[in-house]
Amino acid sequence: MSKNSYFDTKIEFLKGIGPQRARLLNTEINVFTYADLLQHYPFRYEDRTKIYDIAQISHDLPYIQVKGKITYMETVGEGAKKRFTAYLRDDTGEVELVWFRGVQWIEKKLKKNVEYKVYGKPTSFQSAWNIVHPEIEIFDDSAEHKGYLQPIYHSTEKLKNAGFDSKGLANSMKILLEQAIPNIQETIPIYIIQKLKLISKQQAIQYIHIPPDAASLEMARYRLKFEELFYNQLKLLKTKQINKSKNDGAVFANMQHVHTFYNNILPFQLTNAQKNAIREIHNDVKVGKQMNRLLQGDVGSGKTIVAFIAILMATSNNFQTCIMAPTEILAQQHYNNLSEWTQMLGIKIALLTGSTKKSERALIHQYLLSGELLILIGTHALLEDDVQFHNLALCVIDEQHRFGVAQRARLWKKNEQFTPHILVMTATPIPRTLAMTFYGDLDASVINEMPAGRIPIKTLHKIEGQRLALFGFMKQQISLGRQIYVVYPLIEESEKSDLLNLYSGYEYLSQEFPLPEYKIAIIHGKLPQEDKEFAMKLFVENKAQIMVATTVIEVGINVANATVMVIENAERFGLAQLHQLRGRVGRGSEQSYCVLMTSDKISQESREKIQTMVRTNNGFEIAETDLKLRGPGDMMGTRQSGVHDLIVANLATDGEILSTARQYAQAVIESDPDFLLKDNLFIKQHIDSLHQNTTNWGKIS
Ligand code: ADP
Ligand code: MG
């Protein structure tokens with residue numbers, strides 16, 4: 001919007017504001033310039049278009065507009081208890097209007113036998129309706145006083161005291177709009193505006209603040225959302241294009257390890273989805289440009305093997321690779337799983353985490369520099385500066401959402417000759433809209449198919465009163481030779497009481513499942529590493545039938561013999577986490593179960609969460625619900641770029657607009673990547689103006 005300096009004008013220069021109130025606008029709502037104020041969009045609108053009958057007042061209408069004449073008014077009480085009451089009547093009924101403040105003023109202002117329009121929040125008191133401190137004005141039927149949608153702006157206590165409540169802001173906005181509108185430049189190319197029947201930028205800004213009716217507001221919203229998402233996608237796709245054309249990547253021409261592994265070692269048939277993903281990766285790594293690829297797939301869909309084959313493409317050519325995992329347990333498990341195969345192939349592999357011993361670490365550093373060590377698996381520890389490679393050519397990042405963009409960039413820098421290929425594996429499926437905005441700069445492969453022979457997990461919701469039946473079921477499963485997880489929440493804020501819960505649950509289970517017949521292992525993040533490993537070992541070797549744990553097992557253990565996942569206080573977990581936990585079972589050939597335990601009183605939102613889990617095993621469907629329940633910011637956990645730049649668009653609900661925006665952005669990038677065509681002049685101008693304010697527009701990924 002800040003195409004020319006007009007929109008960078010300091011807000012203090014707007015009529016009626018001045019330096020002091022400007023400072024408040026700066027500090028309270030981040031409004032510094034004309035452009036900032038224009039983008040302080042209303043967060044809701046009050047419907048003043050409709051006048052209701054007084055008889056229609058009900059609890060279903062939190063705010064209501066009525067009209068009528070005053071039949072009776074009186075002031076009662078003295079001093080602080082003084083109040084003024086007026087009775088407003090129309091053909092259908094009567095409502096009491098009450099004022100506790102400004103009594104003298106209002107009693108002078110109101111007259112009988114005059115028709116008034118009244119707006120406010122009705123409450124019922126002793127079966128009669130009243131409205132406290134309503135807005136009231138003389139009813140005027142002329143065209144310009146016809147109903148309207150009143151914008152409501154976010155304000156703060158300090159701003160309100162300075163006259164900037166929502167109404168005050170609306171007044172300043174009106175003054176600004178009058179002079180600003182003609183200066184607003186169009187940002188969307190005309191051919192797109194025509195194709196999509198968008199309204200102009202000028203109209204949109206006018207209507208978003210002062211909508212003449214609901215339809216205009218809708219058009220304004222659509223237009224502004226489209227613009228926001230169009231530029232969001234344009235930026236991501238441009239970044240992707242720059243990376244593709246600029247960054248050299250290693251060429252993996254030889255496929256010797258891949259063939260040996262595929263023909264002699266791979267213990268199962270790959271699914272078609274896995275084969276496709278491998279093909280897509282292969283296409284990326286044979287051309288000499290850096291790969292940036294996202295590998296999405298549900299829990300258990302077999303992402304690891306795909307990543308491993310990508311690694312073998314590198315090692316076949318004597319290039320180094322690394323896998324970065326979010327937890328030590330997961331890194332350890334990747335190491336254990338892959339070691340067996342790499343040994344058969346004669347490839348050197350090592351594990352580097354925070355708890356790797358100094359002597360071992362030194363050795364790893366040495367082998368990395370000499371180039372002998374081809375696969376390094378680890379945690380964040382990999383990012384440290386003293387971890388230097390001879391020729392790092394591929395990084396696999398597991399469970400990406402815990403890593404930020406900055407960390408990705410640090411990996412890039414570990415090779416000075418060319419940029420390592422990046423393969424990002426996501427822990428849980430991400431809704432399409434989030435994938436498009438968070439990872440829009442990456443190519444995506446989706447594994448949407450489970451390995452054959454998997455039996456879908458049965459998910460049940462049980463409450464406290466059904467616990468004895470649950471124990472019976474657990475005993476039956478154990479007698480069949482199966483193993484069981486019992487998971488407790490452990491949230492950092494309530495760590496102490498959560499740990500107590502975990503241990504009292506453990507005690508309780510110990511009584512119900514006593515030695516020597518049963519053995520229970522316990523594991524949580526606070527345990528020393530040796531104890532964790534010991535507990536894991538017990539369970540992995542089937543020496544313990546029950547594993548009591550916190551979410552440390554979420555992304556960890558893979559025990560095919562475990563068939564029951566009991567989740568205590570299931571309502572306290574997020575949907576994505578529940579789905580991840582459930583994915584720990586159902587890995588073998590037996591029917592598996594997930595039991596969600598809650599108290600019988602849970603909130604509506606929790607109920608929806610639990611019901612979603614019971615209804616579906618599909619991670620993508622779960623992710624969509626999660627997005628609706630929690631919103632995009634919470635879901636991705638951190639303040640990464642993408643989501644928080646969005647002012648009007650909502651990724652939970654605007655998926656279709658996003659898809660459309662991406663299509664158009666893609667077409668522009670493909671046909672006119674540098675925005676040189678006359679048709680795309682508005683894009684060029686808008687980006688140039690953004691450039692003045694934010695550096696490195698095309699480089700931010
Ligand atoms: P995730 O996608 O959750 O990371 P994993 O890669 O851990 O899943 O795979 C889950 C399990 O399925 C592993 O034991 C793996 O060896 C096995 N697996 C992977 N692909 C197949 C397949 N095509 N057929 C049979 N089993 C497979
Ligand atoms: Mg995995």
Side-chain angles (χ1 to χ4, degrees), residues 258 261-263 265-281 293-312 322-342 344 377-379 395-403 423-430 435 444-457 483 485 536 539-540 551-563 565 576-590 592 594 617-620 622-623:
V258 179
F261 177 72
Y262 194 86
N263 295 329
I265 303 176
L266 180 68
F268 41 70
Q269 273 278 313
L270 293 175
T271 63
N272 283 329
Q274 285 172 318
K275 286 183 191 163
N276 275 338
I278 290 166
R279 204 168 299 130
E280 285 168 341
I281 292 167
R293 185 165 285 280
L294 176 71
L295 185 59
Q296 274 217 67
D298 216 337
V299 197
S301 62
K303 296 182 287 290
T304 317
I305 197 81
V306 172
F308 183 63
I309 289 174
I311 284 173
L312 294 182
C322 68
I323 302 183
M324 191 157 76
T327 63
E328 280 196 24
I329 292 183
L330 190 57
Q332 177 80 50
Q333 192 192 309
H334 278 316
Y335 178 75
N336 295 346
N337 287 343
L338 302 188
S339 296
E340 199 187 323
W341 291 335
T342 52
M344 290 192 230
I377 298 182
T379 53
C395 303
V396 175
I397 305 178
D398 199 2
E399 326 291 358
Q400 154 77 13
H401 67 280
R402 302 184 188 200
F403 289 115
L423 182 65
V424 171
M425 299 194 282
T426 57
T428 21
I430 300 166
S445 296
V446 176
I447 305 187
N448 53 6
E449 184 186 0
M450 285 289 175
R454 292 274 166 83
I455 308 167
I457 302 163
Q483 289 167 280
Y485 296 104
M536 293 251 298
F539 196 68
V540 170
T551 44
V552 287
I553 65 152
E554 180 188 337
V555 286
I557 309 174
N558 187 7
V559 178
N561 191 48
T563 56
M565 166 66 66
Q577 230 178 355
L578 289 173
H579 183 61
Q580 272 295 114
L581 284 168
R582 178 168 60 183
R584 294 304 110 196
V585 296
R587 298 190 157 230
S589 51
E590 307 297 336
S592 287
C594 174
N617 274 312
N618 182 323
F620 285 95
I622 286 170

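Just so it is clear, the model here is predicted, and its values are computed rather than measured. Note that ligands are numbered from 1 as they come in the structure, with each ligand's atoms numbered from 1 the same way.
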Calculate, to the nearest 0.5 Å, the distance between atoms CD1 and CH2 belonging to Ile305 and Trp341 respectively. 3.5 Å

Looking at Ala444, is its backbone amide N or carbonyl O close enough to the side chain of Gln296 to form a donor-acceptor pair, meaning the two atoms are under 3.5 Å apart? no

CG of Asn337 to OG1 of Thr304, rounded to nearest 0.5 Å, is 7.5 Å

For the side chain of Asp298 and the backbone of Met450, is there at least one donor-acceptor N/O pair under 3.5 Å apart? no

Backbone N/O of Tyr485 and side chain of Arg584: donor-acceptor pair under 3.5 Å: no

Looking at Thr271, which atoms of ligand 1 are within less than 4.0 Å of one of its heavy atoms? 23 (N)

Distance-only polar pair, side chains of Glu280 and Asn276, donor-acceptor under 3.5 Å: no

Numbering the atoms of ligand 1 from 1, which are under 4.0 Å from a heavy atom of Leu270? 23 (N)

Can you list the ligand 1 atoms lying under 4.0 Å from a non-hydrogen atom of Thr304? 4 (O), 5 (P), 6 (O), 7 (O)

Does any N or O atom in Ala452 lie less than 3.5 angstrom from one in ligand 1, N or O only? no

Polar side chain donor-acceptor pair, Glu590 to Thr563, under 3.5 angstrom: no

Numbered in order shown, the ligand 1 atoms found under 4.0 Å of a heavy atom of Gln269 are 22 (C), 23 (N), 24 (N)

Can you find a non-hydrogen atom of Ser301 under 4.0 Å from ligand 1? yes

Could you tell me whether Phe268 and ligand 1 have an N or O pair separated by under 3.5 Å? no

Close-contact set for ligand 1 against Asp298 heavy atoms, below 4.0 Å: 2 (O)

Within a distance under 4.0 Å of any heavy atom of Val299, pick out the atoms of ligand 1 and give their elements. 3 (O)

Taking the side chain as everything from C-beta on, heavy atoms only, tell me whether Leu270 gets closer than 4.5 Å to Ile309. yes

State if Arg454 counts as touching ligand 1 under the rule of any non-hydrogen atom under 4.0 Å. yes

Going by heavy atoms, is Asn337 under 4.0 Å from ligand 1? no

